Amino acid sequence: MKTIGCAAVAIVGACLLGGCGSSGEGNGPMATVITDRPTPITTAPSVTSAAPASPSTPTTTTPTSTTAAPTSPVAAQAEPQDYAGKAPGWYYFTSPSGKFECGIAVLESSIAGCHGSLPDSAPEVPGSGASGTAVKPNAVQLIAGSAAKFESLGDPKFHRFDGTAAALPYGEVLTIPGSGSTNGLQCSVDEQTGVTCTDQVGHGFTVSDDDLDLR
């Protein structure tokens, strides 16, 4: 048996060295003998599943306004003593244009009024010397607590006779407290609308040389 095994090994070796082929020729390609079988990979590749990202919640930012709220301008207040007459409780002023002479008097029922270039649309009123005769008014007058009206006065009582009345600047307000809690008066002059005087309960007038408003 030993002799037969040696002979078999010799034959296999001779075939390897001589290039034994199926045609029996010695110049064929050499055969490759694989002695080790590959070991199959049986480990499954690991797959890492990423958890889905939670949807982000949008952040809403409320814009901050930097614009300051508009404010109404406060009218400048005139100093009453700058317009005081020599008679107690009387104050006088003119419009800057010189078209109107006006006065305020603190009485039991305070009054304010003006003489000057009244508009042509001012209604006729009873004459001061003849009540039955309608004439053009020469004054507009407000008695605190009553509606303003045009008047025909025999004497220009809103003209200052004891001195020169100061001009009330446009946009300034002359406020005179009344003798009571409801009969204070204030007047101002606007370049466009003219002279305005009002009491504390909403009565008053606005008059210029071409327009009027009594209330």
Side-chain angles (χ1 to χ4, degrees), residues 67-107 109-125 127-128 134-179 182-215:
T67 303
T71 57
S72 300
V74 178
Q77 294 293 316
E79 293 292 339
Q81 62 267 25
D82 294 341
Y83 303 90
K86 292 182 180 179
W90 278 87
Y91 302 84
Y92 300 93
F93 67 92
T94 67
S95 62
S97 66
K99 293 180 178 180
F100 291 94
E101 294 179 303
C102 304
I104 298 175
V106 179
L107 306 171
S109 293
S110 296
I111 60 173
C114 297
H115 302 289
S117 303
L118 300 177
D120 293 336
S121 57
E124 292 185 339
V125 296
S128 60
V135 298
K136 285 287 186 181
N138 65 355
V140 59
Q141 177 172 267
L142 167 66
I143 299 176
S146 301
K149 59 184 179 178
F150 288 104
E151 299 274 8
S152 174
L153 303 177
D155 295 322
K157 66 180 178 181
F158 301 115
H159 171 79
R160 183 173 182 176
F161 291 101
D162 60 2
T164 302
L168 181 61
Y170 294 126
E172 290 194 13
V173 178
L174 176 60
T175 301
I176 306 298
S179 57
T182 61
N183 65 345
L185 297 169
Q186 66 177 24
C187 295
S188 62
V189 186
D190 182 85
E191 190 171 7
Q192 301 298 322
T193 60
V195 181
T196 296
C197 292
T198 57
D199 66 8
Q200 292 178 265
V201 292
H203 299 298
F205 64 81
T206 298
V207 64
S208 67
D209 59 355
D210 61 3
D211 201 4
L212 59 92
D213 177 32
L214 305 183
R215 49 199 180 275

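Numbering starts at 1 and runs along the sequence shown. The basis for the numbers below is simple: all heavy atoms, side chains too, and nothing from hydrogens, waters or symmetry mates. Fair warning: this is a prediction, and the values are worked out from it, not measured in the lab.
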Please name the pair of heavy atoms, one in [X] and one in [Y], separated by the smallest distance, quoted to 0.1 Å.
X: Pro96; Y: Val189; result: CD-CG1, 3.8 Å
X: Gly194; Y: Ser208; result: CA-CB, 4.1 Å
X: Gly145; Y: Asp199; result: N-OD2, 2.8 Å
X: Phe205; Y: Leu214; result: CB-CD2, 3.6 Å
X: Gly204; Y: Ala148; result: O-CB, 3.3 Å
X: Pro119; Y: Leu212; result: CG-CD2, 3.6 Å

If you measure from [atom1] on [X] to [atom2] on [Y], what distance do you get to the nearest 0.5 Å?
X: Ser146; Y: Gln141; atom1: OG; atom2: CD; result: 10.0 Å
X: Thr175; Y: Ile104; atom1: OG1; atom2: CD1; result: 8.0 Å
X: His159; Y: Leu153; atom1: NE2; atom2: CG; result: 14.0 Å
X: Asn138; Y: Phe150; atom1: CG; atom2: CZ; result: 11.0 Å

Does the side chain of Phe93 reach to within under 4.5 Å of the side chain of Ser188, using non-hydrogen atoms?
->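 Side-chain contact under 4.5 Å: no.
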
Pairwise side-chain contact, Lys149 with Ile143, heavy-atom cut-off 4.5 Å (strictly under) |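 Not in contact.
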
Asp155 atom CG, over 12 foreign heavy atoms within 6.0 Å |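 Result for CG/Asp155: open.
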
Between Trp90 and Tyr92, what is the ring plane arrangement, given parallel below 30°, perpendicular above 60°, and tilted in between?
->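 Taking Tyr92 first and then Trp90, their aromatic rings lie parallel (interplane angle under 30°).
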
Can you name the one residue among Leu174, Val195, Val173, Thr94 that meets side chain to side chain contact (heavy atoms under 4.5 Å, CB included) with Leu168?
->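 Among Leu174, Val195, Val173, Thr94, the one that satisfies the side chain to side chain contact (heavy atoms under 4.5 Å, CB included) with Leu168 is Leu174.
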
Among Ile111, Ile176, Asn183, the one residue meeting side chain to side chain contact (heavy atoms under 4.5 Å, CB included) with Val106 |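 Only one of Ile111, Ile176, Asn183 forms a side chain to side chain contact (heavy atoms under 4.5 Å, CB included) with Val106, namely Ile176.
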
Is the backbone N or O of [Y] less than 3.5 Å from a side-chain atom of [X], with the two atoms forming a donor-acceptor pair by type?
X: His115; Y: Lys157; result: yes
X: Ser95; Y: Phe100; result: yes
X: Lys136; Y: Asp120; result: yes

Residue pairs meeting salt bridge (charged side-chain N to carboxylate O under 4.0 Å, His left out), one or both in residues 86-106, sequence neighbours left out, come to Lys99-Asp209

Evaluate whether the separation between SG of Cys114 and SG of Cys102 stays below 2.5 angstrom.
-> yes

Does Asp211 have any side chain to side chain donor-acceptor pair (under 3.5 Å) partners at least two apart in sequence or in another chain, and if so, which?
-> none

